[in-house]
Protein chains: 2
Amino acid sequence: MKQTDVMGKAPTTTERRLNARRPGRPVGGQLEVDREHVLDAAERVIARDGAGASIEAVALEAGVTKPIVYDRVGGRADLADALAERLADRMVDAANQALQSGGQTGADTGLTRQALTTFIEANLQVVDRHRDLFLYVTGGTTEQTALGRLKLAERSTTPMTRALVAWRRGFGQSAEVAEPWAFGIVGMLQMSAMWWLTQSDRSARDVADQLAELLWHGLPGGDRSA
Amino acid sequence: MKQTDVMGKAPTTTERRLNARRPGRPVGGQLEVDREHVLDAAERVIARDGAGASIEAVALEAGVTKPIVYDRVGGRADLADALAERLADRMVDAANQALQSGGQTGADTGLTRQALTTFIEANLQVVDRHRDLFLYVTGGTTEQTALGRLKLAERSTTPMTRALVAWRRGFGQSAEVAEPWAFGIVGMLQMSAMWWLTQSDRSARDVADQLAELLWHGLPGGDRSA
DNA sequence: CACCTAACTTACTACTGGTAACTTTCTCGT
DNA sequence: ACGAGAAAGTTACCAGTAGTAAGTTAGGTG
């Protein structure tokens with residue numbers, strides 16, 4: 001598998017570069033391997049090999065060597081961070097799309113209970129579709145990645161915080177609760193997703209509806225007495 | 001497993017055993033190093049060195065060698081599991097104690113908003129007191145430990161699920177929501193704790209009160225219109 | 001007493017994240 | 001035009017970790 005003679009054909013730069021096994025600066029400028037390329041490869045590896053994927057496997061899948069990965073995306077914690085942002089964006093997008101196709105505009109207009117259910121269900125389905133990525137991102141032993149988990153949350157919560165601020169202001173109520181509420185809700189969604197994925201056989205819609213019920217009416221439910 | 005209580009005939013049996021550096025079966029029966037001893041050592045190491053503590057460090061702190069740790073508690077995932085159970089128990093205890101000293105009995109009688117705040121605050125304070133243990137337990141890359149995180153949740157949720165079932169039944173409502181609600185609430189608490197520990201300078205009581213507000217009245221707040 | 005088993009310790013494997021050192025190509029000032 | 005230095009790779013390596021196999025001694029048993 002060692003084709004040392006390079007001059008035979010003139011393959012496209014990509015081909016030759018990715019197979020370059022000899023050290024030294026590559027001919028013809030920089031490798032067209034950027035951050036996104038590596039992140040895509042990482043997602044593929046994680047989807048294939050599970051959440052325990054190693055940096056080396058990512059480099060192999062991306063067709064580059066390890067130091068390239070470190071140059072493009074940074075260390076393992078940074079990789080998890082970047083993937084967390086992607087996943088969070090996908091969740092936000094899915095939720096927005098679901099809300100729009102349902103006739104709800106989500107953030108700007110009044111939030112309804114129905115919209116809340118839709119939002120939660122969309123989130124569950126994204127987690128379901130990217131199961132191992134979710135595990136990879138929410139895992140991580142070092143303190144760095146523990147904070148990275150917060151970053152995923154932050155990315156998810158930023159739009160939610162904005163929506164909550166507007167929502168509360170619309171009722172003339174203090175918006176100070178917006179941030180803890182947003183983090184709390186995201187935590188609820190993450191844990192529920194984990195439970196749903198591994199221990200429950202209910203439908204996503206059922207779980208979403210039940211969580212929406214809690215978030216909308218609160219613990220005492222519709223008719224409270226205490 | 002019985003810890004063979006050796007007579008005190010030989011002074012410092014423990015001392016000599018723990019310092020035994022020569023291979024072979026120890027004199028005077030089995031080492032009185034049981035699971036609890038190792039778990040205690042693990043907690044000390046984590047409190048001292050942070051969440052990145054290694055098995056080897058745990059073994060050293062416990063005064064034993066690595067295979068002993070593997071024999072007594074199992075691999076790294078099992079260790080995290082066991083510590084998770086301990087932490088969860090401590091949380092439940094703290095919450096119950098706070099509720100009782102506040103005149104509330106928590107699970108059996110009617111739950112009030114005030115009791116909910118107390119409950120949440122007690123949880124936050126336990127996490128604060130065992131910061132690195134919390135990080136250690138909620139971390140972990142492998143799928144095993146990811147499920148272990150669920151185990152922590154499960155241990156916390158079991159009493160809560162029971163309470164919720166009773167609570168809902170008391171209102172003549174379906175108790176099917178109890179399990180997802182319990183997991184969701186625990187997730188909310190975990191994420192909120194993380195946020196509070198690392199990014200917020202509010203008091204535990206304030207955060208607890210704000211989360212209780214959400215869980216009690218729901219998103220629309222006291223006066224809803226939508 | 002000889003031998004087998006229990007209960008350790010030592011020493012090792014396999015792997016991982018991360019980095020230093022080296023090699024080649026490009027660029028640019030003189 | 002040409003040589004020095006910067007740029008952009010690859011190789012080879014290091015340190016540390018989870019987990020285990022093999023070796024060693026004390027205790028029990030026919």
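Labels below follow one simple rule: chain letters A, B, ... track the order of the sequence lines, proteins then strands, and each chain is numbered from 1.
Following rounding to the nearest Å, B:L60 (CG) and D:dA18 (P) show an atom-to-atom distance of 14 Å. At whole-Å resolution of the value, CD1 in B:I68 and C1' in D:dA18 are 17 Å apart. Atom CG in B:L79 sits about 10 Å away from atom P in D:dG19, given to the nearest Å. To the nearest angstrom, C1' of C:dT16 lies 11 Å from OH of A:Y136. Taking atom CG of B:D49 as the reference point, atom P of D:dG16 lies 14 Å away to the nearest angstrom. For the pair B:D78 CG and D:dT20 P, the computed distance is 11 Å after rounding to whole Å. The separation between B:K66 atom NZ and D:dA21 atom P is 13 Å, rounded to whole Å. Atom CZ in A:R76 sits about 16 Å away from atom P in C:dC15, given to the nearest Å.
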>> Could you walk me through whether B:R35 and B:E85 satisfy the salt bridge (charged side-chain N to carboxylate O under 4.0 Å, His left out) test, starting with their C-alpha distance in whole Å, then the side-chain angles of each, then the deciding distance to 0.1 Å, before giving a yes or no?
In response: CA-CA 13 Å; B:R35 195 180 164 89; B:E85 289 194 354; over 6 Å; no

>> Show, in sequence, the C-alpha distance, side-chain angles and deciding distance for A:L215 and A:M188, and conclude whether the side chain to side chain contact (heavy atoms under 4.5 Å, CB included) test is met.
In response: CA-CA 10 Å; A:L215 282 177; A:M188 171 180 284; 3.9 Å; yes

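For the pair B:M160/B:W181, no side-chain contact is recorded, criterion being any heavy-atom separation below 4.5 Å from C-beta on. Side-chain contact between A:E176 and B:D206 is absent, with no heavy-atom pair separated by less than 4.5 Å.
A salt bridge links B:R86 with B:D40: the distance from a Lys NZ or Arg NE/NH1/NH2 to an Asp or Glu carboxylate oxygen falls below 4.0 Å.
The heavy-atom pair separating A:A122 from A:A95 by the smallest distance is CB-CA, 3.8 Å.
Contact check, A:T65 against D:dT10: a side-chain N or O comes under 4.0 Å of OP1 or OP2.
Of all nucleotides listed (D:dT10, C:dG17, D:dA18), D:dT10 comes nearest to the side chain of A:P67.
Screening B:V58, B:L83, B:D34 for a side chain to side chain contact (heavy atoms under 4.5 Å, CB included) involving B:L39 leaves a single residue, B:L83.
Between A:G74 and B:D71, the residue whose closest nucleotide on DNA chain C is further toward the 5' end is B:D71.
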>> Within the 4.0 Å limit for protein heavy atoms, which parts of nucleotides 24-30 of chain D are touched? Write it as a string from 5' to 3', B for base, S for sugar-phosphate only, - for none.
In response: BBBS---

